[in-house]
Amino acid sequence: MSNREIRVRFAPSPTGPLHIGGVRTALYNYLFAKKQGGKFILRIEDTDQTRFVAGAEDYIIEAFRWCGIQFDEGVTKGGDFGPYKQSERKAIYRQYAEQLITSGQAYYAFDTAEELTALRKKYEAGKKTFTYNAAERKQLKNSLVLSEAETQKLLETNTPFVVRFKMPEDRIVRMDDLIRGEVTVHSNVLDDKVLFKSDGMPTYHLANIVDDHLMKISHVIRGEEWLPSLPLHILLYEAFGWEAPQFAHLPLLLKPDGKGKLSKRDGDRMGFPVFPLQWTDPKTGETSRGYREDGYFPDAFINMLALLGWNPGDEREIFSLEEMAEAFSIDRVGKSGSRFDPEKAKWFNHQYMLKTDNKELAGLFLPFIEKEGVMADIGYVEKVVGLVKERAHFVHELWEQSDFFFRAPASYDAKAVKKRWKQDSYNQMSALKVLLAGIDNFSSENTEAIVKKWMEENEYGMGVVLNAFRLLIVGALKGPHLFDIIALIGREETLRRLETGLHELGRKE
RNA sequence: GGUCCGUUCGUCUAGCCAGGUCAGGACGCCAGGUUUUCAUCCUGGUAACACGGGUUCAAAUCCCGUACGGACUACCA
């Protein structure tokens with residue numbers, strides 16, 4: 001292992017919205033780079049033109065912007081190793097494919113997709129699996145069996161071709177994975193993968209090796225689904241005579257229940273997002289929800305994701321991005337898949353809600369208040385938020401916890417009335433109104449002291465009086481400390497609500 | 001089918017590499033406490049080493065096998 005500069009990349013394919021598993025992969029790359037003082041690069045792998053989806057690349061960029069994950073180089077930032085989009089690097093790849101042909105490690109193949117499909121079907125019918133490998137390549141249409149002249153002629157007449165890797169025979173390929181340790185595979189079970197497609201574009205395998213090499217990538221941290229192609233990649237580095245980067249294959253994100261990996265379906269079924277941002281499919285118009293639109297704080301979302309498969313080795317759970325980077329280590333990433341738990345995601349958001357200062361929270365909450373048709377002073381909202389934030393998991397839940405701070409009850413919860421509006425209530429509340437009207441210092445402490453003293457003197461039960469009082473002020477049996485509420489809404493409003501409430505509920509016979 | 005990877009409370013996980021703590025923490029859930037309501041908060045509880053062999057004085061930890069799960073098996077990434 002050399003001590004070259006740490007350079008890692010996230011290389012998504014712009015075929016749709018980014019799955020949170022992809023976000024986590026990017027996050028681990030980012031944390032790894034930050035911890036080591038290295039560079040983090042965004043490369044777009046769009047070598048499959050047939051799978052291009054409009055807007056997907058912008059979505060990916062916007063998703064990371066929202067998450068607060070920044071790239072040091074890439075499509076948005078530029079850098080010394082660009083271009084960072086594979087479709088713009090098209091001219092680069094062919095020469096490398098040809099280099100392998102020249103050195104006898106790859107070959108031209110002229111079999112059409114249809115021919116190969118037919119062949120696979122035929123084998124399947126005989127309960128065998130067709131593999132384009134050493135055992136089969138001699139009976140197929142390629143430059144290994146064709147004469148040089150025949151091959152030349154086919155090429156000159158523009159016959160469609162692909163370039164295949166000539167998989168070495170009888171090799172035991174040993175690989176080192178930073179997470180899984182040593183992995184060994186026999187080359188005879190591998191096939192002659194296509195490196196260069198007939199449309200003039202490289203496949204992932206070629207492009208990924210060439211670009212990682214050219215961009216001086218030191219560590220490839222990617223999803224577990226790539227593990228089966230690791231031997232091919234190792235052999236490709238070997239064929240080119242290049243030093244391979246180090247590899248780490250991350251475990252999968254699993255669905256909350258049942259078996260298998262987390263999919264969009266699970267989110268729809270169980271009511272949680274599997275994408276960072278909302279996404280509308282340009283073809284079907286179908287919309288998928290996103291963490292941002294569902295009201296998650298980006299920090300909470302990232303924090304939650306980071307702990308799904310990695311832990312710091314101590315008992316900390318709440319981390320800023322900087323703290324995570326400081327604590328991050330690839331060997332504290334687990335080997336097994338992590339089941340996604342929507343409940344814990346909410347818990348994380350709640351923790352961030354508590355952490356966020358009231359001023360910032362008030363700013364986030366204000367639009368929701370205005371949506372209810374209420375004009376509110378930001379300083380007032382700040383105080384309200386301070387009183388109710390611990391009762392909500394999301395900013396959008398704040399309104400139902402605090403509506404009574406912004407307008408008087410329009411109705412009174414029927415169950416609460418039945419339970420708490422007793423025969424004595426009317427007289428008690430009338431007397432309380434008079435009592436409160438005489439208080440100048442309407443601070444929470446002061447009104448509480450006076451009202452409690454009054455209750456003691458009259459031998460009124462706390463539960464009876466204060467619940468009835470709450471009912472008139474709030475309209476329901478909810479909300480924070482009652483005296484905090486009336487201190488905030490003020491004496492005039494308190495008296496007004498008592499008056500209205502007394503009139504509405506009246507005397508109970 | 002083949003290849004490879006994985007398996008500790010319901011969930012996320014610590015412990016495993018350098019065998020020897022009542023297997024620790026968090027989420028959830030349950031109970032109790034605080035409280036004028038609800039929530040928070042505090043205390044306590046629930047609950048796991050997939051199974052079977054082996055090595056060893058001693059195995060969650062090392063080895064083998066089985067089961068189960070997953071990924072891959074395209075001119076997709």
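Quantities reported herein were computed from a predicted structural model and do not represent experimental measurements. Per chain, numbering begins at 1; letters A, B, ... match sequence-line order.
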* So what does A:R180 touch, heavy atoms closer than 4.0 Å: a base, only the sugar-phosphate, or nothing? -> sugar-phosphate
* To do: Using Watson-Crick or G-U wobble geometry with both distances below 3.5 Å, tell me the partner of B:rG52, or none.
  => B:rC64
* Asked: Between atom CD1 in A:I473 and atom P in B:rU36, what is the gap in whole Å?
  -> 17 Å
* Does A:Y28 use its side chain to pair, donor to acceptor, with the backbone of A:W310 at less than 3.5 Å? -> yes
* Could you work out the separation of B:rG45 and B:rA26 based on their P atoms and round it to a whole Å? => 12 Å
* Remember a base hit wins even if backbone is also touched, and classify A:R332 as base, sugar-phosphate or nothing at under 4.0 Å, heavy atoms. => sugar-phosphate
* To do: Figure out the CZ/P separation between A:F348 and B:rU11, and round it to whole Å.
  => 17 Å
* Between A:D331 (CG) and B:rC16 (P), how many Å, whole number? -> 12 Å
* If the P atom of B:rG10 is compared with that of B:rC29, how far apart are they to the nearest Å? -> 16 Å
* Asked: On a whole-Å scale, what distance lies between the P atoms belonging to B:rG28 and B:rU36?
  -> 25 Å
* So with a 6.0 Å cut-off around NZ of A:K346, is the heavy-atom count from everything else above 12? -> no
* Asked: Which of parallel (below 30°), tilted (30 to 60°) and perpendicular (above 60°) describes A:H481 and A:F483?
  -> tilted
* Whole-angstrom distance between B:rA14 and B:rG24, as gauged at atom C1' -> 6 Å
* Rounded to the nearest angstrom, tell me the gap between atom CG in A:D484 and atom C1' in B:rA39. => 14 Å
* Aromatic ring proximity, centroids under 6.0 angstrom, A:Y296 and A:Y291 -> yes
* Length of the CZ-P vector between A:F340 and B:rC12, whole Å -> 12 Å
* **Base partner of B:rC41, which must satisfy Watson-Crick or wobble distances under 3.5 Å** => B:rG33
* Asked: Can you check whether A:Y412 and A:W421 have ring centres sitting under 6.0 Å from each other?
  -> no
* **Between C1' of B:rU11 and CG of A:N311, the distance in whole Å** => 15 Å
* Under a 3.5 Å limit for both distances, which nucleotide forms a Watson-Crick or G-U wobble pair with B:rA23, could you say? => none
* Spacing of the C1' atoms in B:rG15 and B:rG25 (rounded, Å) -> 11 Å
* So do A:N208 and A:P202 actually touch side chain to side chain, heavy atoms under 4.5 Å? -> no
* Atom CG of A:L477 to atom C1' of B:rA39: distance rounded to whole Å? -> 14 Å
* Asked: Now, which nucleotide makes the Watson-Crick or G-U wobble pair with B:rC9, with each of the two distances under 3.5 Å?
  -> none
* Asked: Under 30°, 30 to 60°, or over 60°: which ring-plane class applies to A:H233 and A:H205, parallel, tilted or perpendicular?
  -> tilted
* Have a look at A:P256 and say if it touches a base, only the backbone sugar-phosphate, or nothing, with a 4.0 Å heavy-atom cut-off. => nothing
* **Minimum-distance nucleotide to A:V189 side chain [options: B:rU7, B:rU3, B:rA14]** => B:rU3
* Please give the nucleotide sitting opposite B:rA74 as a Watson-Crick or G-U wobble pair, both distances under 3.5 Å, or none. => none
* Asked: Counting any heavy atom closer than 4.0 Å, what does A:G461 reach on the DNA or RNA strands: base, sugar-phosphate only, or nothing?
  -> nothing
* **Contact nearer the 5' end of RNA chain B, comparing A:V183 with A:G313** => A:V183
* Donor-acceptor pair (no angle test) under 3.5 Å: A:R339 side chain, B:rU11 base -> no
* Asked: If we take the P atom in both B:rC9 and B:rU61, what is their distance in whole Å?
  -> 14 Å
* Sugar-phosphate atoms are those with a prime plus P, OP1 and OP2; base atoms are the rest. Using that split, label each nucleotide of nucleotides 22-33 of chain B B, S or - for protein heavy atoms under 4.0 Å, 5' to 3'. => --SSBS------
* To do: Determine the Euclidean distance between corresponding P atoms of B:rU11 and B:rC51; express it in Å to zero decimal places.
  => 15 Å
* How far, in whole Å, is B:rA23 from B:rU46 if one measures between their C1' atoms? -> 16 Å
* Searching all strands shown, indicate the nucleotide that pairs with B:rA47 (Watson-Crick or G-U wobble; both distances under 3.5 Å). => none
* Structure fact -> When rounded to whole Å, the CG to C1' distance for the pair A:L354 and B:rA39 reads 11 Å
* Asked: Can you tell me how far the CG atom of A:D192 sits from the CZ atom of A:R137, to the nearest 0.5 Å?
  -> 4.0 Å
* Test the A:R43-A:F10 pair against the cation-pi criterion, namely NZ or CZ under 6.0 angstrom from the six-membered ring centroid and within 45° of the ring axis. => no
* Using the six-membered ring wherever Trp is involved, compare the ring planes of A:F275 and A:H19 and label them parallel, tilted or perpendicular (cut-offs 30° and 60°). => perpendicular
* Heavy-atom protein contacts under 4.0 Å, nucleotides 68-77 of chain B, coded B base, S sugar-phosphate only, - none -> -SSSS-SBBB
* To do: Verify the contact: side-chain N or O of A:N467 to OP1 or OP2 of B:rU36, cut-off strictly under 4.0 Å; return yes or no.
  => no
* Asked: Hey, is the main chain of A:S320 close enough, under 3.5 Å, to the side chain of A:N303 for a donor-acceptor pair?
  -> no
* Asked: Do side-chain atoms of A:S13 reach the backbone of A:E45 as a donor and acceptor pair under 3.5 angstrom?
  -> yes
* Answer with base, sugar-phosphate or nothing: what part of the nucleic acid does A:K478 contact at a heavy-atom distance below 4.0 Å? => base
